[in-house]
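Source: prediction; values computed, not measured. When reading the values below, keep in mind they use all heavy atoms of this one structure, side chains included, and skip hydrogens, waters and symmetry mates. Sequence lines set the chain letters: A, B, ... in the order given, protein chains first and strands last, and positions in each chain run from 1.
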Amino acid sequence: MQPDLFANTSQQAGSEHVAQRATWLRAELNRHNHAYYVLDHPSIPDAEYDRLFLELVGLERAHPELLAPDSPTQRVGGAPLPQFEQVTHAVPMLSLGNGFDDEDIVAFDRRVREGLQLDDEVEYATELKFDGLAINLRYEDGVLVHAATRGDGATGENVTANIRTVRAIPLRLQTATPPKVIDIRGEVMMFKADFAKLNARQREAGQKEFANPRNAAAGSLRQLDSRITAQRSLRFFAYGIGLLEGADMPASHAALMDWYAGLGVPVCVERAVVKGAAGLLDFYQAIGSKRNALAYEIDGVVYKANRLQDQQKLGYVSRAPRFAIAHKFPAQEAMTVVQGIDVQIGRTGAVTPVARLAPVAVAGVTVTNATLHNEDEVRRKDVQIGDTVIVRRAGDVIPEIVAVVPERRPTDAQPFVMPVLCPICGSPIVRAEDEAVARCSGGYIKCAAQRKGGLQHFVSRRAMDIEGMGEQLIDQLVDKNIVTTAADLYRLGLTALAELDRMADKSAQNVLSALEKSKATTLARFIYALGIRHVGEATAKELARHFGKLDVLMDASVEDLMEVADIGPVVALSVRQFFADPLSRELVEQLRAAGIHWSEHEGVEKVVKPMQGKTFVLTGTLPTLTRDAAAEMIEHAGGKVAGSVSKKTSYVVAGEEAGSKLAKAQELGIVILDETGLIELLKEVHEENH
DNA sequence: AGGCCTCGAGTTCC
DNA sequence: CTCGAGGCCT
């Protein structure tokens, strides 16, 4: 990029005063932009702004040599990009630990004081946690040179062209002495009012409406055509810093924010410097009570140790700073009406009641269904058809009916009645005395729902991993009686597939090659894929490890099976019964005949592995390893990967956006590793063993 | 027998 | 994520 396009203007005869006028217009427009977007205080009427803007556009068009990269006219956006390129952040963009109640915050404050070995109250900078997208802005010599999304924290996407259209973001910092390089971090978002206007426009144009301001902001920023982004009124607030060269780091977070404000970078006014845990909680209360009145959505507040030296002393734990925490507002709840209660039949025949809800927005998405788990749960919550209920997204993901609003129950409300016959196959629904779950008695043979569930399980990623075999496809194959058992899948040909809806040659070929690819598998996956009751992934792995060969497992007695770790009488009997059934044995033979194969070994391996007996729990997203890859490494070293944290857990491996498991691990004082720590540990022990 | 810990199974939405 | 239930330890 050429920093100075003014260089040759003097050569143009008579253009001196044009250049002066252009410079003046730019300064004037930037000043009004700043007043409007940063100070939130318009300094001239919109029409006047537009007149000045158009005059500048005209001048620049007539004299292209006057064009400067920081001209306000350069915000309008250019031609579409082919795609976004990846950018590696000079300093990683971390996420924050979360606190949900006062206790979490008091504990945070205690950890900070302990970390600083301080008895006095700690000074904190408090601010809002915006519901938008984290962005890194790189300024070199005061000029915005590029912008990137947070991405996974290490690498994001280059969205410079789109960010240039955000009028709240200065293209040039307002200072004569800018730092050589500065990475300014903050949140791009859409104000509630702008979101409402956008959705109104989308609706009129017959286009899809956005679910919430955050999605709208994200969608706008990911536009390949920045001319569209330019029409989307995005906003920006800065709250952090990455790389800084050619200037001293301010001594506190508050000083950093003040510096930003002086540079013309928008910072939110809802911030404070407070003392101690009491100060934090006061701020939380104050913001909570005006949350709905704010022009934008927030999902909590953020506390940071104010002094830079304190921050440095506290450092980081597993990719989250120890000196900061986000205090989240409680999950949002909404009221809606139960329009009906249907039942779903799972692969084991389990009958699950599901509430059909009048669509309602909860914590950012539209909810239409909520599981009621089982009959007892329906009774416990006393949910009836026609009831008004309060819905929440449990853990901010899965919709859950919290309670009914009894005073809103209509007189004609209908209680839920567990059907007597399976709605799919007509077989009786039975419920064992001591079980909470009612089941369709039709089994795999009679009940199409169970066949579908069983096949979906068979093809699933953690089982045979047959790509492209989705729910739609399986539904069709079962409904048209093309496929009954898993073995039938491997008999599919192009002609059979061609008869299905939405299945052209190309996709049919893909399905066939995915089936072919799945034939090379492992014994553990194969056992898991069979869908034996009480045999999930962990048990399948243990069985494969213990018996080594499928034939040995198939002929194992209940006593043999009970020898296996974690297998008691119930699971042993279930496995025995499965393999005693001639139909199961036939299925296994057909699958083997179809070419499914794996490598077998001689029963229990006696080699003692370095991580034998150690239990790991993975949480959050790791920077480079996938969950599966990390689990494989751990298991390779003889360790086990469990799903939840307890005092038996040896290590917790935490990545980005680690949630409750990380909190629990901290509570129990369990060793917490990040990805690098895990790799080091496995490598270390590996070397010791050699 | 009781309590803790895991595992299995089912679920939602994009 | 949640619930239910099996397995194992005390």
- Query: Is there a side-chain contact between A/V564 and A/F547, using heavy atoms and a 4.5 Å cut-off?
  - Reply: yes

- Message: Counting only side-chain heavy atoms from C-beta out, which of C/dG7, B/dG8, B/dG10 sits nearest to A/A538?
- Response: B/dG8

- Task: Can you label the angle between the A/Y296 ring and the A/F130 ring as parallel, tilted or perpendicular, going by 30° and 60°?
- Result: perpendicular

With the criterion being N/O to N/O and under 3.5 Å, what pairs connect the protein with nucleotides 1-3 of chain B, and how long is each?
none

- Can you check whether A/T371 has a side-chain N or O nearer than 4.0 Å to OP1 or OP2 of C/dT2? no

- Message: So that I can tick it off, tell me whether A/K549 and A/D555 are bridged by a salt bridge, with the cut-off set at under 4.0 angstrom between side-chain N and carboxylate O.
- Response: no

- Taking only side-chain nitrogens and oxygens of A/Q344, does any of them come within less than 4.0 Å of OP1 or OP2 of B/dT11? yes

- Query: With a cut-off of 6.0 Å (strictly less than), are more than 12 heavy atoms of other residues, nucleotides or ligands near CD of A/Q472?
  - Reply: no

- Query: With sequence neighbours excluded, what pairs up with A/D376 under the salt bridge (Lys or Arg N to Asp or Glu O under 4.0 Å) test?
  - Reply: A/R431

- Message: Using the ring pair (Phe, Tyr, Trp, His ring centres under 6.0 Å) criterion, which residues pair with A/Y651? Sequence neighbours excluded.
- Response: A/F616

- Query: Should A/N369 be listed as having a side-chain N or O under 4.0 Å from OP1 or OP2 of B/dC13?
  - Reply: yes

- Task: Using a 4.0 Å heavy-atom cut-off across all strands, classify A/V367 as base, sugar-phosphate, or nothing.
- Result: sugar-phosphate

- Value in whole Å for how far the P atom of B/dG10 lies from NZ of A/K452: 16 Å

- Message: Does B/dG10 have its OP1 or OP2 closer than 4.0 Å to a side-chain nitrogen or oxygen of A/T348?
- Response: yes

- Message: On the nucleotide B/dC13, are OP1 or OP2 found under 4.0 Å from the side-chain N or O atoms that A/T368 carries?
- Response: yes

- Query: Can you tell me how far C1' of B/dG8 sits from CG of A/N374, to the nearest Å?
  - Reply: 15 Å

- Task: Would you check, one step at a time, whether the test ring-ring contact (aromatic ring centres under 6.0 Å, His included) holds for A/H327 with A/F108?
- Result: CA-CA 10 Å; A/H327 192 175; A/F108 163 71; 9.9 Å; no

- A/R347 CZ - B/dT11 C1' separation (whole Å): 14 Å

- Measure from the side chain of A/P399, starting at C-beta and using heavy atoms only, and say which of B/dT12, B/dG10, C/dG6 lies closest. B/dT12

- Which of these nucleotides, B/dT12, C/dG7, B/dG10, is closest to any side-chain atom of A/V354? B/dT12

- Message: Measuring from the side chain of A/T539 (C-beta onward, heavy atoms only), which nucleotide among B/dT11, B/dC13, B/dG8 has the closest atom?
- Response: B/dG8

- What is the distance from CG of A/L357 to P of B/dT12, rounded to the nearest Å? 10 Å

- Message: With nearest nucleotide decided by heavy atoms, which residue, A/V351 or A/G536, maps closer to the 5′ end of DNA chain B?
- Response: A/G536

- Item | Whole angstrom value for the distance that separates C1' of B/dG8 from NE2 of A/H373 | 14 Å

- Query: Which one, B/dG10, C/dA5, C/dG7, comes nearest to the side chain of A/A436?
  - Reply: C/dA5

- Between CD1 of A/I532 and P of C/dG6 the distance, given in whole Å, is 17 Å

- Could you give the NE2-to-C1' distance, from A/H457 to B/dT11, as a whole number of Å? 16 Å

- Determine the contact category for A/E537: base if any of its heavy atoms lies under 4.0 Å from a base atom, sugar-phosphate if only primed atoms, P, OP1 or OP2 are that close, otherwise nothing. sugar-phosphate

- CD (A/E467) with more than 12 external heavy atoms under 6.0 Å: no

- Query: Atom CD of A/Q456 to atom P of B/dG8: distance rounded to whole Å?
  - Reply: 19 Å

